[in-house]
Chemist: 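Here's a structure for you.
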Amino acid sequence: MIKRNKIKRALAEQEILATSNHPFIVTLYHSFQSEDYLYLCMEYCSGGEFFRTLQTRPGKSISEDAARFYAAEVTAALEYLHLMGFIYRDLKPENILLHQSGHIMLSDFDLSKQSGPGGAPTMIPGRIGGNSTAALPTIDTKSCIADFRTNPFVGTEEYIAPEVIKGCGHTSAVDWWTLGILIYEMLYGTTPFKGKNRNATFASILRDEVSFPEHSGAQQTSTLCKSLIRKLLIKDETKRLGARAGASDVKTHPFFRTTQWALIRHMTPPMIPHQGRAGTDTVNFRNVKESASVDIGGPPDAKMKGVPMDSGLATPNGELNDPFEEFNSVTLHHEGDH
């Protein structure tokens with residue numbers, strides 16, 4: 001990590017995990033360091049990666065109802081992160097773990113970014129409508145991050161938002177773009193802008209409108225589902241769903257009108273992971289074909305000239321006796337601990 005200038009990223013991940021306390025974000029119990037390693041002791045998610053679950057399904061996809069359930073849980077997790085002042089920036093199936101109960105848990109926060117001091121959460125009056133929760137006041141999570149913009153060129157190839165590719169800075173709206181890509185991948189087994197190489201993928205993200213498979217074997221999805229995806233994948237971040245009031249915009253879309261947001265963590269997930277012996281073996285971690293997605297937050301390559309690749313997280317000048325001095329031993333006592 002020192003050689004690859006990942007010090008601040010490691011510290012950021014620990015900070016986010018230590019700060020977060022949410023049912024859909026992986027729980028950190030303890031962190032410490034030895035001479036050679038950093039240790040994060042987290043809750044074991046025996047269901048493995050959500051990516052593997054999708055890859056082993058017929059057509060590498062799930063039903064619209066199942067996709068709605070997981071999209072709702074991801075939305076709730078993103079809402080919480082935004083309330084805490086964090087932009088996630090790397091949503092993808094590989095970074096979603098499945099708890100043994102089948103509920104999702106977001107992990108891998110090394111690309112996340114904390115905003116400067118934002119505003120206090122703003123309450124939005126409820127609207128009476130088809131959504132069962134629309135009459136209740138909702139929270140403007142975007143106000144918590146204010147107008148924070150960050151410039152690093154980070155993310156994962158097929159999930160990167162247009163404004164990140166343009167290098168003009170980006171806001172929490174990137175998380176809603178990645179949610180749109182995730183929902184599409186859950187339904188169709190592929191991402192909407194995937195090209196034959198990285199440049200082709202980026203060109204498609206910048207230029208092409210999202211299209212939906214029409215062939216006979218493709219899953220048929222509702223008009224409301226396609227509407228949600230289109231609104232999340234609007235190129236102009238200021239017009240994208242979620243740009244006005246954050247998660248509240250997404251939660252009140254008619255696609256989620258049957259979702260009981262306050263009860264979702266108590267519902268039975270569509271897929272319950274197979275449990276091995278005592279729930280501690282690694283049956284759900286067997287290798288599957290690696291995703292074509294790559295982290296492009298590293299050094300620039302020859303094909304990407306003109307695109308800002310600096311992570312903004314370089315190691316400070318000069319040698320540090322202990323660059324991870326801030327990675328102090330931390331023990332968190334969560335509800336239920338003795």
Chemist: Nearest heavy-atom pair of Pro162 and Leu206: which atoms, and what distance?
Modeler: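 Heavy atoms of Pro162 and Leu206 come nearest at O-CD2, 3.7 Å.
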Chemist: So, do Leu182 and Lys92 sit near enough that their side-chain heavy atoms are less than 4.5 Å apart?
Modeler: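 In short, these two side chains do not touch, never coming nearer than 4.5 Å.
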Chemist: Walk me through whether Glu64 and Gln220 qualify under side chain to side chain contact (heavy atoms under 4.5 Å, CB included).
Modeler: CA-CA 9 Å; Glu64 182 173 322; Gln220 298 302 305; over 6 Å; no
Chemist: Side chain to side chain contact (heavy atoms under 4.5 Å, CB included) for His253 and Ser227? Distances and angles first, verdict last.
Modeler: CA-CA 9 Å; His253 187 280; Ser227 165; 3.1 Å; yes
Chemist: Write down the atom of Val210, the atom of Pro192, and the distance for their closest heavy-atom approach.
Modeler: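 Nearest pair, atom of Val210 first, then Pro192: CG2-CB, 3.9 Å.
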Chemist: Main chain of Thr201, side chain of Lys196: is a donor-acceptor contact present, judged purely on distance under 3.5 Å?
Modeler: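 Checking the backbone N and O of Thr201 against the side chain of Lys196, no donor-acceptor pair under 3.5 Å is found.
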Chemist: Only one of Asp175, Leu78, Val74, Thr75 forms a side-chain contact (heavy atoms from CB on, under 4.5 Å) with Val250, so which one is it?
Modeler: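 Going through Asp175, Leu78, Val74, Thr75 one by one, the side-chain contact (heavy atoms from CB on, under 4.5 Å) with Val250 is satisfied by Thr75 alone.
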Chemist: Sort out for me which residue in Trp177, Tyr184, Phe202 forms a ring pair (Phe, Tyr, Trp, His ring centres under 6.0 Å) with Phe193.
Modeler: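 Running ring pair (Phe, Tyr, Trp, His ring centres under 6.0 Å) over Trp177, Tyr184, Phe202 with Phe193 returns exactly one hit, Trp177.
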Chemist: Side chains of Met84 and His22: does their closest heavy-atom pair fall under 4.5 Å?
Modeler: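 Result no, sub-4.5 Å side-chain heavy-atom pair not found.
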Chemist: Using a 6.0 Å cut-off, check whether atom NZ of Lys226 has over 12 heavy atoms from anything other than its own residue.
Modeler: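 Enclosed: over 12 neighbouring heavy atoms sit under 6.0 Å from NZ of Lys226.
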Chemist: If you compare all heavy atoms of Thr252 against all heavy atoms of Ser248, which two are closest, and at what distance to 0.1 Å?
Modeler: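 Closest approach of Thr252 to Ser248, heavy atoms only: OG1-O, 2.8 Å.
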Chemist: On a heavy-atom basis, which atom in Leu38 and which in Met1 lie closest, and how many Å separate them?
Modeler: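 The answer is CD1-CE, 3.4 Å.
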Chemist: Quick one, Gln33 and Tyr39 - any side-chain contact, counting heavy atoms below 4.5 Å?
Modeler: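 No, their side chains stay 4.5 Å or more apart.
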Chemist: Can you measure from CD (Glu158) to NZ (Lys194) and round to the nearest 0.5 angstrom?
Modeler: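 If we round to the nearest 0.5 Å, Glu158:CD and Lys194:NZ are 5.0 Å apart.
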Chemist: Measuring from atom CZ of Phe256 to atom CD1 of Ile264, what distance do you get when rounded to the nearest 0.5 angstrom?
Modeler: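 The CZ atom of Phe256 sits 8.0 Å away from the CD1 atom of Ile264.
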Chemist: For Lys60 and Met186, indicate whether the former's side chain and the latter's backbone hold a donor-acceptor pair under 3.5 Å.
Modeler: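 Absent.
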Chemist: Given Glu163 and Arg240, is the salt bridge (Lys or Arg N to Asp or Glu O under 4.0 Å) satisfied, shown in steps?
Modeler: CA-CA 12 Å; Glu163 61 267 28; Arg240 188 176 304 150; 2.9 Å; yes
Chemist: Students often mix this up, so state it plainly: with edges at 30° and 60°, are the rings of His82 and Trp176 parallel, tilted or perpendicular?
Modeler: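 His82 and Trp176: perpendicular rings.
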Chemist: side-chain contact (heavy atoms from CB on, under 4.5 Å) with Leu241: which of Leu228, Ile234, Leu233?
Modeler: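 Among Leu228, Ile234, Leu233, the one that satisfies the side-chain contact (heavy atoms from CB on, under 4.5 Å) with Leu241 is Leu228.
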Chemist: Are Ile272 and Leu54 connected into the same hydrophobic cluster when the rule is that any two of I, L, V, M, F, W, Y join if their side-chain heavy atoms are below 4.5 Å apart?
Modeler: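 Hydrophobic grouping puts Leu54 apart from Ile272.
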Chemist: Under the criterion side chain to side chain contact (heavy atoms under 4.5 Å, CB included), I'd like the reasoning laid out for Arg68 against Thr259: C-alpha separation, chi angles, the key distance, then a yes or no.
Modeler: CA-CA 8 Å; Arg68 180 178 8 252; Thr259 300; 3.8 Å; yes
Chemist: For the residue pair Tyr88 and Phe109, categorise the inter-ring angle as parallel (less than 30°), tilted (30 to 60°) or perpendicular (more than 60°).
Modeler: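 Geometry flag for Phe109 against Tyr88: tilted rings.
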Chemist: Ion pair present between Glu73 and Arg265, side-chain N to carboxylate O less than 4.0 angstrom?
Modeler: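 Not counted as a salt bridge, because no side-chain N and carboxylate O are separated by less than 4.0 Å.
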Chemist: Run the numbers on Asn95 and Glu49 for side chain to side chain contact (heavy atoms under 4.5 Å, CB included), then give the verdict.
Modeler: CA-CA 7 Å; Asn95 287 346; Glu49 290 182 359; over 6 Å; no
Chemist: Output, in order, the C-alpha distance, side-chain angles, deciding distance and verdict of side chain to side chain donor-acceptor pair (under 3.5 Å) for Gln14 and Ser31.
Modeler: CA-CA 8 Å; Gln14 183 213 37; Ser31 63; 2.9 Å; yes
Chemist: Measure the spacing between CG of Leu97 and CD1 of Ile25 and express it to the nearest 0.5 Å.
Modeler: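 Rounded to the nearest 0.5 Å, the CG-CD1 separation comes to 12.0 Å.
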Chemist: What is the distance from atom CD1 of Ile104 to atom CE of Met271, rounded to the nearest 0.5 Å?
Modeler: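 One finds 11.5 Å between CD1 of Ile104 and CE of Met271.
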Chemist: How many angstroms lie between atom CG of Leu224 and atom CZ of Phe255, to the nearest 0.5 angstrom?
Modeler: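 Going from CG on Leu224 over to CZ on Phe255, the span is 8.0 Å.
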Chemist: Quick one: does any side-chain atom of Glu185 pair with a main-chain N or O of Thr190 as donor and acceptor, under 3.5 Å?
Modeler: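 Side chain of Glu185 to backbone of Thr190: no pair is present.
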Chemist: So Pro213 and Tyr188, do their side chains get closer than 4.5 Å, heavy atoms only?
Modeler: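 Yes, their side chains come closer than 4.5 Å.
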Chemist: Does any non-hydrogen side-chain atom of Ile62 lie less than 4.5 Å from one of Leu187?
Modeler: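 Counting from C-beta outward, Leu187 and Ile62 never come under 4.5 Å.
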Chemist: Got Tyr29 and Met42 here, is their nearest side-chain heavy-atom distance under 4.5 Å?
Modeler: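 A side-chain contact under 4.5 Å is absent here.
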Chemist: Taking the side chain as every heavy atom from C-beta outward, state whether Glu94 and Arg52 have any atom pair closer than 4.5 Å.
Modeler: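 Glu94 does not reach Arg52 side chain to side chain.
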Chemist: Distance only, no hydrogens: is a donor on one side chain within 3.5 Å (strictly under) of an acceptor on the other, for His99 and Ser101?
Modeler: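 His99 vs Ser101: donor-acceptor pair found between side chains.
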Chemist: Going by atom types only, do Asp65 and Ser63 share a side-chain donor-acceptor pair under 3.5 Å?
Modeler: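 Side chains of Asp65 and Ser63: no pair found under 3.5 Å.
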Chemist: Check step by step if side chain to side chain donor-acceptor pair (under 3.5 Å) holds for Asp236 and Thr238.
Modeler: CA-CA 5 Å; Asp236 183 345; Thr238 64; 2.6 Å; yes
Chemist: Which atom pair, heavy atoms only, marks the closest approach of Ala77 to Leu106?
Modeler: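 Closest approach of Ala77 to Leu106: CB-CD1, 3.7 Å.
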Chemist: Within the 4.5 Å heavy-atom criterion, are Leu91 and Val174 side-chain neighbours or not?
Modeler: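 Heavy-atom side-chain distance check fails, nothing below 4.5 Å.
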Chemist: Rounded to the nearest 0.5 Å, how far apart are SG of Cys225 and CD of Gln219?
Modeler: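 Between Cys225 SG and Gln219 CD, I get 8.0 Å after rounding to 0.5 Å.
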Chemist: If I compare all heavy atoms of Pro93 with all of Tyr159, which pair ends up nearest, and what's the gap?
Modeler: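 Residues Pro93 and Tyr159, closest heavy atoms: CD-OH, 3.1 Å.
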